[in-house]
Structure formats: structure tokens, C-alpha cells
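One structure is given below, represented as C-alpha cells, and several questions about it will come after.
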Amino acid sequence: MLDTQTVEKPITLVKSQADLRKELDASGSWSVAQIEALFNLPFNDLMLKAQETHKAYFPEGDVELATLLSIKTGGCPEDCAYCPQAARYDTDVKADKLMGLEEVLEAAKAAKAAGSNRFCMGAAWREPKDRDIEKVAAMIKGVKALGLETCATLGMLEADQAQALQEAGLDFYNHNLDTSEDFYRSVISTRGYQDRLDTISHVRAAGMSVCCGGIVGMGESREQRAAFLARLANLSPYPESVPINHLVPVAGTPLADQKPLDPFEFVRTIAVARITMPRARVRLSAGRQELGRAVQAMCFLAGANSIFYGEQLLTTGNPEAEQDRALLAELGLKTKQSSKTEVLI
Ligand code: SAM
Ligand code: DTB
Ligand code: SF4
């Protein structure tokens, strides 16, 4: 016979709006030491804490599916050491001009038909020009009219540009802190940490939701990973979406030969992001092909609840949609849109 106590347990973990409010008011800020202490917990204790947090804040346990499209590829003037789209590195990426509206809408329709919740348009720009904003605004309107959530990542924004994107119907803007402030200097020199924080403030001030995360496995220390998560968690409010990318080492970039991060450390990073930003969608982003099924399953257990979905990220590969559907179905994970496991099969 079923033990009802056991069955009901997760429900008692669900927090009321009042509890959430109280926690938010009392949240204060995270110190790097507190976050490092989470990283240092025995693996099982950390996983349990992350899973309890996840169950309390996302009782449905559904997974959001976001599809990426590179609307302007390559030729970027920045020097981000991980990026295959930086013009200064000799990679296989060819620079292209901004994609036309029809092509973008075709890709968005295909994403929707495949079951995606969100469509994210990425451009390899340091910052968009005002005439680019007009063109992207038309894309946002078109994608939104299809019934998808919209997201864009176009580089640094001025306040008025953020406003224009919001007026066009943009739901999320992605701009990453990427890593801790001190490690940042060894990865990017052409724009500063404060530039990134300024863009995030403009996005917030314009009333859009913030998608902000970073990359792990670039050679940073655990303390620097903790400092990176502290900066994210201490943003007030913290981002609604937190993409955690595992470095994809690309030939021709300065990080091409970077040794891969220990997979358990990646899982720990996901768990700590979940615990410190309990209401955020924590997204498994670049690097899923290399992680494999078992590590991804551990990441879902640690509280990841969003993935980039579709065969291509911006310029690098991602698992086949069919493979992802099979993995989610095998794990009994529902998707955000359908709320039904069966739809995935
Ligand atoms: N140019 C815009 C910018 O930098 O904000 C938008 C596109 S940029 C490619 C978006 C993010 O992709 C970067 O901030 C970084 O976190 C991630 N990214 C780029 N190359 C990557 C790689 N090789 N491995 C993992 N993540 C990567
Ligand atoms: C994010 O944090 N990861 C996505 C999205 N935001 C734009 C991009 C990952 C790019 C991986 C390398 C590439 O495909 O070029
Ligand atoms: Fe340019 Fe963005 Fe790549 Fe940096 S991450 S080189 S800004 S496209």
C-alpha cells in the first residue's frame, strides 16, 4: 500500500507566496565564503539541499525549452577568449550579415512546431547600432505574434535601446557576467565588468526580464566560480533566467586547449545556482553534447530546469531535439509548455 506521508511530503515543501515574500525581504546578500561553503558540502548533502529548494520553488518540476538562432554570425570586434565568433581568432566561423526577417520567422515557426517555449536571437555584436535595433524589433514582433516568448542577446545596450526592445515586445534580454570579476580580466579585455552590469541595469529599468549567467571550465578556481555565482545571486533582483554554459573549447580560440572541468564540479555549480537563486530558471546551456546523458540527469536532479533545445546553439552543436525528447521522457520530466510527459514522446 502507498504510504501517504511519503507521497504528500513534497507538497508540504511548497512555499506560500507569503513565505516567498518573507524570504525575499530577508534575503540580504550572499558572501563568497557562504557560497564556497555550499560548494564544499559533501556531494549528497549539496544535491539534497538543491533538490529540496527546487521542489519548494518549482513543485511542477517542468523543464523549459529555449531555441537559439544566430541572426548575425561572426566578425565580432571583441576579444572574448572562448568565442569562435571573434574576428581576431582564426576559427571556422565565417562572418555573415544580419539575417532577413522571413528567415528568422521560418526558424521561429520550426522551433514552435518542435515544442520550444522561447526563441532567443543572438548577434555577434559588441553593441547594436540604432538601425540594427529597428530591424531586430521587427523580428521580435513577428516571433511574439507566433506565441513564443522572446529573448535577444545583442551585446551592450544603451538605456534607450533597451526601451525600444521592450516596446517591441521583448520578454528577456540575455547578457552574461560570464565569470568572476577578477577572472574576467584574463578572458576579456575589450569591455569591462561594469559595462556588463550597466547593460543589465538598462534591461531591468526598461522592464524586461534578465537572462544572465556565464561559463564555467575556463580555468577559473572554485573560489572564482563561487564569486561569479555571488555576483549573480546578489543582483537585486537576481536574474529570472540563469544560463550556465560549460566551455566548448573551439579550435583557433585562446581557450581551445583548456582541460575540461570535472563533471561533478559542473553539477555542483548547477546545485549552488539553484540554492542561491531559487526562483530562477537555471539553464543547461553550451556544452551539453560533451556532458552526456548521465551528467545531464544529475544536473536536472541538482535543479536545472531549462535547456537550449535544437541541433545548433549559435555556431556550435547541441544534442538532436529527438535525443533531448527521449532523455526528458526517460527521466519522466515534463516540459514547461506541455506540462505533459506524453507530448514529448
Ligand atoms: N555578442 C553578445 C554578447 O557577447 O553578449 C551575444 C552572443 S555571446 C556568443 C553569448 C554568450 O555565449 C557569451 O556571453 C558566453 O557566455 C557564451 N559563449 C560563447 N562562446 C562560448 C563557448 N565557446 N563555450 C561556452 N559558452 C560560450
Ligand atoms: C548563453 O549564455 N549561451 C548561449 C546564449 N546565451 C546566447 C550561447 C552559447 C554559445 C556557445 C558557442 C556557440 O555556439 O557559438
Ligand atoms: Fe563578440 Fe559576444 Fe563572442 Fe564576445 S561573446 S566575441 S561579444 S559574439
Side-chain angles (χ1 to χ4, degrees), residues 66-89 91-96 98 118-128 132 136 150-157 172-179 183-184 187-193 195-200 202-203 210-220 228 232 239 241-258 260-261 266 269 273 280-291 306-319:
T67 296
L68 265 175
L69 177 70
S70 181
I71 59 169
K72 157 70 185 86
T73 305
C76 183
E78 299 297 272
D79 71 348
C80 311
Y82 48 77
C83 188
Q85 303 201 68
R88 67 190 71 205
Y89 308 135
T91 67
D92 286 343
V93 174
K94 305 265 170 303
D96 220 339
L98 183 62
R118 188 179 304 172
F119 192 68
C120 181
M121 292 161 273
W125 286 321
R126 170 182 168 77
E127 71 262 292
D132 299 322
V136 176
T150 53
C151 178
T153 180
L154 316 170
M156 292 186 287
L157 290 185
F172 287 80
Y173 193 79
N174 166 245
H175 198 65
N176 290 340
L177 287 182
D178 270 348
T179 186
F183 192 69
Y184 183 95
V187 180
I188 301 157
S189 76
T190 47
R191 67 177 168 211
Y193 216 68
D195 294 323
R196 293 189 180 246
L197 292 165
D198 291 346
T199 291
I200 294 160
H202 296 325
V203 171
V210 170
C211 172
C212 181
I215 313 182
V216 294
M218 295 192 289
E220 73 286 346
F228 154 61
L232 288 179
S241 258
V242 178
I244 303 291
N245 297 277
H246 186 295
L247 175 73
V248 178
V250 179
T253 63
L255 292 177
D257 299 322
Q258 184 60 45
L261 185 71
F266 186 75
T269 307
R281 284 271 166 191
V282 175
R283 182 172 313 121
L284 290 185
S285 302
R288 283 200 300 118
Q289 272 182 323
E290 293 73 16
L291 291 179
S306 177
I307 56 171
F308 278 124
Y309 175 69
E311 288 76 26
Q312 177 90 355
L313 290 166
L314 291 175
T315 65
T316 62
N318 201 40

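When a ligand or atom number is given, it counts from 1 through the structure's own listing order. For the single chain, residues carry numbers from 1 onward in sequence order.
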| Given side chains that start at C-beta, do those of S241 and F172 come closer than 4.5 Å, heavy atoms only? | yes
| Below 4.5 Å, heavy atoms only, C-beta onward: do V210 and Y173 meet side chain to side chain? | no
| N, O or S atom of C76 closer to atom 4 (Fe) of ligand 3 than 2.8 Å | no
| field | atom 4 (Fe) of ligand 3: nearest protein contact (heavy atom, Å) | value | C80 SG, 2.3 Å
| task | Please round to the nearest 0.5 Å and tell me the distance separating atom SG of C212 and atom NE2 of H175. | result | 8.0 Å
| remark: The residue among T253, T179, V187 that forms side-chain contact (heavy atoms from CB on, under 4.5 Å) with Y82 is V187
| message | Distance check, rounded to the nearest 0.5 Å: N245 atom CG versus I215 atom CD1? | response | 5.5 Å
| said: Using 0.5 Å steps for rounding, measure from the CD atom of Q85 to the CD atom of E78. | reply: 12.0 Å
| task | Side-chain contact test, heavy atoms from C-beta onward, threshold under 4.5 Å: evaluate it for L157 versus D198 and give yes or no. | result | no
| field | Verdict with reasoning, T153 to N174, per side-chain hydrogen bond (donor to acceptor under 3.5 Å, both in side chains) | value | CA-CA 5 Å; T153 180; N174 166 245; 3.1 Å; yes
| Against heavy atoms of A124, which atoms of ligand 3 measure under 4.0 Å? | 8 (S)
| said: Taking backbone and side chain together, does C83 place any N/O/S atom at a distance below 2.8 Å from atom 3 (Fe) of ligand 3? | reply: yes
Tabulated below should be the N or O atoms of ligand 2 paired with protein N or O atoms at under 3.5 Å; can you produce that?
residue	atom	partner	partner atom	Å
ligand 2	2 (O)	N176	ND2	2.8
ligand 2	2 (O)	N245	ND2	2.8
ligand 2	3 (N)	N245	OD1	2.9
ligand 2	6 (N)	N174	OD1	3.1
ligand 2	14 (O)	L314	N	3.0
ligand 2	14 (O)	T315	N	2.8
ligand 2	14 (O)	T316	N	2.9
ligand 2	14 (O)	T316	OG1	2.8
ligand 2	15 (O)	T315	N	3.1
ligand 2	15 (O)	T315	OG1	2.6

| task | Measure the distance from atom 7 (S) of ligand 3 to every protein heavy atom, then report the residue, atom name and distance (to 0.1 Å) of the closest one. | result | R191 NH2, 3.3 Å
| Interfacing atoms of ligand 3 (cut-off 4.0 Å, heavy-atom, E78) | 1 (Fe), 4 (Fe), 6 (S), 7 (S)
| task | Check the pair R281, S306 against side-chain hydrogen bond (donor to acceptor under 3.5 Å, both in side chains), reporting the backbone distance first and the verdict last. | result | CA-CA 6 Å; R281 284 271 166 191; S306 177; over 6 Å; no
| Below 4.5 Å, heavy atoms only, C-beta onward: do L314 and F308 meet side chain to side chain? | no
| request: Run the numbers for me: atoms of ligand 3, each under 4.0 Å from some heavy atom of Y82, listed by number. | output: 5 (S)
| query | Heavy-atom distance under 4.5 Å between the side chains of I244 and L284, does that happen here? | reply | no
| Should R196 and D178 count as an ion pair when the cut-off is N to O under 4.0 Å? | yes
| task | Would you mind reporting whether I307 and R288 have side-chain heavy atoms less than 4.5 Å apart? | result | yes
Could you list each nitrogen or oxygen of ligand 1 that sits under 3.5 Å from a protein nitrogen or oxygen, with the atom names and the distance?
residue	atom	partner	partner atom	Å
ligand 1	1 (N)	A123	O	3.2
ligand 1	1 (N)	W125	O	3.3
ligand 1	4 (O)	R191	NH2	3.1
ligand 1	14 (O)	N176	ND2	3.3
ligand 1	14 (O)	D178	OD1	3.2
ligand 1	14 (O)	D178	OD2	3.4
ligand 1	16 (O)	N176	ND2	3.0
ligand 1	16 (O)	D178	OD1	2.7
ligand 1	23 (N)	Y82	O	3.0
ligand 1	23 (N)	V248	O	2.9
ligand 1	24 (N)	V248	N	3.0

